[in-house]
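Chain A is the first sequence line, chain B the second, and so forth, proteins listed ahead of strands; every chain is numbered from 1.
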Amino acid sequence: MTNAEIALIFDHVADLLEYQGSNVFRVRAYRNASRLVQGIVEPLATIRDDPDRSFLDLDGIGKDLAKKLETLLDSGQLPMLKQLEEEVPQVVFDLMRVPGLGPKKVKLLMAEIELESLDDLEKACQDGRVSLLKGFGKKTESTILSNIAFAKNPENSRLLWNEADQIVQLVVKWMKECKAVQQVEAAGSWRRGKETVGDIDILVESHQPSEVMSHLVAWEHTDQVIVQGDTKTSIRGPRGIQIDMRVVAKESFGAAWQYFTGSKEHNVRLRSRAKKLGLSINEYGVSQLDQSGGKIVAGQSEKELYKAVGLEWIPPELRENHREFEFAENHQLPKLITIDDICGDLHMHTTATDGEATLLEMATASIARGLRYIAITDHSKRVTMARGLDDTRLYEQWEAIDQLNQSLASDGGSPLVVLKGIEVDILEKGGLDLSDEVLSHADWVVASLHYGQQQSQEQITGRLLDAVCNPYVSCIGHPTGRLINRRPAYKVDLQCIINAAAEHGTCLEINANPWRLDLDDRCAAAAKEAEVKFAISTDAHSTIGLDVMRCGILQARRAGLEARDVVNTMPLSKLKELIQKRH
DNA sequence: GCCGTTTTCGGCCCGACTGTTTTCAGTCG
């Protein structure tokens with residue numbers, strides 16, 4: 001039983017308990033446990049089998065949950081879940097996912113109306129049967145109806161970060177045009193750089209909140225007003241995404257920005273920390289709990305808010321209640337990598353295979369973006385769909401690269417060095433698509449797995465391990481193969497790959513393509529722990545594709561990576577030394 | 001269900017908005 005499966009089970013238990021009206025803190029304990037387990041890369045069985053370790057050492061796991069973990073690992077089942085599932089009909093889960101319906105309302109609906117599907121509820125609303133129930137009215141009924149329609153549309157899922165970013169830029173620009181607005185910042189999961197964004201949070205400083213609200217509502221992209229109050233307004237904007245806006249005064253801006261950035265778990269932890277210090281934090285500021293009558297002691301900036309509870313300012317990308325509090329307390333926060341640290345890009349394609357731009361165009365675009373070196377890594381021959389390169393065509397490309405480098409250098413002062421690379425395919429039967437002899441002449445070799453993704457964990461791990469151990473392989477490309485919202489990762493024992501990469505000095509890639517972004521943050525954090533080095537690469541198939549580097553940077557920051565963890569922050573001379581050392 | 005240099009029992013973050021209530025519960029973030 002994998003960690004992900006266990007996490008899912010705990011989350012499911014939490015849903016069921018919540019529906020049954022169980023103690024909210026008990027529900028939270030299961031949710032916390034689910035999150036915790038999800039964040040652990042090594043299999044839980046490893047912890048169980050280690051005599052020096054115990055589940056009880058995990059923060060949030062007590063006697064009961066430790067026992068349940070054992071049961072799950074031993075039997076693959078949880079008797080408690082079986083019991084709960086018998087008590088709660090399946091349709092409840094669909095109902096709970098409708099915005100505006102929580103456990104209480106769902107329970108009442110289930111008790112009063114015979115419901116076996118979401119369609120049944122839709123019909124009941126249309127017939128006016130829902131508005132007759134106690135606590136429901138005409139307004140609630142029509143809200144439910146439109147929310148069901150919204151939930152049914154598969155287009156309305158979470159947006160990729162860069163898709164959300166485009167909308168963020170639009171709405172921020174619009175709000176800045178409002179005269180009543182002093183300051184605008186985006187917050188939420190967009191600011192934390194999450195892979196996907198469910199809604200957009202915008203914070204505004206103003207003395208005239210109602211004018212600010214009207215301005216948002218009047219936006220050409222506003223499809224629907226969900227709520228509109230004195231300090232808070234929510235609308236549905238482009239692509240159905242919900243945009244929440246809060247308006248505060250200057251003295252509360254930092255506190256509100258912190259609150260609105262989240263994550264929820266980070267905020268809960270922060271506020272309970274404040275409480276222990278005799279302080280209370282809300283979105284208006286930090287106040288004293290004692291007899292001073294709630295005197296505000298901080299709130300204008302995030303920095304002073306964190307300082308008030310004895311912490312260094314924590315970068316948004318780390319605010320997930322993982323280890324950031326421990327780091328901030330001990331002045332051990334990582335100095336997170338920034339886009340300005342990047343000197344090169346070590347994974348991109350050209351028209352020689354499935355890229356849209358020529359070698360020269362990619363080089364020119366890279367110079368324009370301030371890069372000092374790039375590696376051209378087209379596909380190898382196994383990737384027939386992309387017209388992958390065989391030995392002959394690869395050598396031809398390398399000759400062209402030599403010539404390009406010469407002409408770049410002859411222009412006086414070489415702005416860019418192009419490395420001779422290849423994205424060599426990791427074959428289904430094991431081994432690589434090109435010989436060691438050929439690979440030994442490359443400057444940079446990315447080894448990636450594209451075929452046989454349905455194989456067993458043993459097979460896939462074995463194939464990747466062979467590649468990691470090959471001295472001519474510089475880096476493993478997109479190490480899990482997942483496509484966000486489209487395709488899950490292939491089955492691979494990543495901890496095993498990480499350990500081998502650390503031992504052999506092979507880099508692991510953080511693929512900056514917003515659909516990929518693997519290694520993800522938790523796996524990258526585990527790899528950093530093992531002292532693995534990373535390459536953050538765009539895998540660009542066009543000149544525009546080079547611009548996704550910032551998405552990769554965000555993922556790296558979420559993993560707590562620093563410039564020194566990432567090889568393409570190095571000057572070329574040092575990078576070459578590193579590659580030579582492996583051969 | 002977890003947790004403890006103020007606690008092994010009694011806490012567990014805090015506030016806005018809506019609809020339907022006639023003072024607030026439910027939901028959301």
S.K.: Taking only the side-chain heavy atoms of Tyr284(A) (C-beta and beyond), determine which of dG1(B), dA16(B), dC14(B) contains the nearest atom.
M.R.: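 Closest nucleotide to the Tyr284(A) side chain: dA16(B).
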
S.K.: Pick base, sugar-phosphate or nothing for Lys276(A), based on heavy-atom distances below 4.0 Å to the nucleic acid.
M.R.: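 Counting heavy atoms under 4.0 Å across all strands, no contact is made by Lys276(A).
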
S.K.: So which nucleotide from dG1(B), dG29(B), dC12(B) ends up closest to the side chain of Asp64(A)?
M.R.: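 Closest nucleotide to the Asp64(A) side chain: dG1(B).
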
S.K.: Counting only side-chain heavy atoms from C-beta out, which of dC13(B), dG29(B), dC12(B) sits nearest to Gln242(A)?
M.R.: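 So the side chain of Gln242(A) is nearest to dG29(B).
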
S.K.: Of all the nucleotides listed (dG1(B), dG15(B), dC12(B)), which has the minimum atom distance to the side chain of Lys68(A)?
M.R.: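 The closest nucleotide is dG1(B).
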
S.K.: Taking the same atom, P, in dT22(B) and in dG29(B), what whole-Å distance lies between them?
M.R.: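 28 Å, rounded to whole Å.
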
S.K.: What nucleotide among dT27(B), dG29(B), dA16(B) has an atom nearest to a side-chain atom of Pro103(A)?
M.R.: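 Per side-chain heavy atoms of Pro103(A), the pick is dT27(B).
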
S.K.: Pick the C1' atom in dT8(B) and in dC12(B), then give their distance to the nearest Å.
M.R.: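 Result for the C1' pair: 16 Å, nearest Å.
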
S.K.: Between Glu317(A) and Arg191(A), is the closest basic N to carboxylate O distance under 4.0 Å?
M.R.: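 The answer is no: the pair does not qualify as a salt bridge.
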
S.K.: Remember a base hit wins even if backbone is also touched, and classify Tyr259(A) as base, sugar-phosphate or nothing at under 4.0 Å, heavy atoms.
M.R.: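 Base, at least one base heavy atom under 4.0 Å.
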
S.K.: Between Val98(A) and Ile226(A), just flag the one whose closest nucleotide in DNA chain B comes earlier from the 5' side.
M.R.: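 The residue closer to the strand's 5' end, by nearest nucleotide, is Ile226(A).
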
S.K.: Quick one: which of dC17(B), dG26(B), dG29(B) gets closest to the side chain of Val227(A)?
M.R.: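 In terms of side-chain proximity for Val227(A), the closest of dC17(B), dG26(B), dG29(B) is dC17(B).
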
S.K.: Would you call the rings of His215(A) and Trp174(A) parallel, tilted or perpendicular if under 30° counts as parallel and over 60° as perpendicular?
M.R.: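 Taking Trp174(A) first and then His215(A), their aromatic rings lie parallel (interplane angle under 30°).
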
S.K.: Using a heavy-atom cut-off of 4.0 Å across all strands, would you classify Ser280(A) as base, sugar-phosphate, or nothing?
M.R.: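 Touches sugar-phosphate only.
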
S.K.: Of the nucleotides dA16(B), dC13(B), dC3(B), which one has an atom closest to the side chain of Asp59(A)?
M.R.: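 The listed nucleotide nearest to Asp59(A)'s side chain is dC3(B).
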
S.K.: Enter syn or anti for the glycosidic conformation of dT7(B), syn applying to angles within 90° of 0.
M.R.: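 Because its glycosidic torsion lies within 90° of 0, dT7(B) adopts the syn conformation.
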
S.K.: Using the C1' atom as the reference point in each nucleotide, state the distance between dT6(B) and dG10(B) in Å, no decimals.
M.R.: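 Each nucleotide's C1' atom is 14 Å from the other's.
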
S.K.: Base, sugar-phosphate alone, or nothing: which one does Ile281(A) contact when heavy atoms must sit under 4.0 Å apart?
M.R.: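 Sugar-phosphate: the residue Ile281(A), judged by heavy atoms under 4.0 Å, touches backbone atoms but no base.
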
S.K.: Identify which nucleotide among dG1(B), dT27(B), dG29(B) has an atom closest to any side-chain atom of Ala29(A), counting heavy atoms from C-beta outward.
M.R.: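 Out of dG1(B), dT27(B), dG29(B), the nucleotide with an atom closest to Ala29(A)'s side chain is dG1(B).
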
S.K.: His221(A) vs Trp219(A) aromatic rings, parallel, tilted or perpendicular, using cut-offs 30° and 60°?
M.R.: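 The arrangement is perpendicular - the two ring planes meet at more than 60°.
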
S.K.: Ignoring hydrogens and geometry beyond distance, is the side chain of Asp199(A) in donor-acceptor contact with the base of dG29(B) at under 3.5 Å?
M.R.: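 Donor-acceptor pair under 3.5 Å: no.
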
S.K.: Of all the nucleotides listed (dT20(B), dC13(B), dG15(B)), which has the minimum atom distance to the side chain of Thr140(A)?
M.R.: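 Given the options dT20(B), dC13(B), dG15(B), the side chain of Thr140(A) is closest to dT20(B).
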
S.K.: From the list dG1(B), dG26(B), dG19(B), which nucleotide is the closest neighbour of the side chain of Met80(A)?
M.R.: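 So the nucleotide nearest the side chain must be dG1(B).
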
S.K.: Have a look at Asp521(A) and tell me which of Lys528(A), Arg557(A), Arg192(A), Arg558(A) forms a salt bridge (Lys or Arg N to Asp or Glu O under 4.0 Å) with it.
M.R.: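 Option passing the salt bridge (Lys or Arg N to Asp or Glu O under 4.0 Å) with Asp521(A): Arg558(A).
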
S.K.: What contact category does Asn23(A) fall into here, base, sugar-phosphate, or nothing, at under 4.0 angstrom with non-hydrogen atoms?
M.R.: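 Counting heavy atoms under 4.0 Å across all strands, the contact made by Asn23(A) includes a base.
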
S.K.: Would you say dC13(B) has OP1 or OP2 under 4.0 Å from some side-chain N or O of Arg28(A)?
M.R.: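 For Arg28(A), the contact criterion (side-chain N or O under 4.0 Å from OP1 or OP2 of dC13(B)) is met.
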
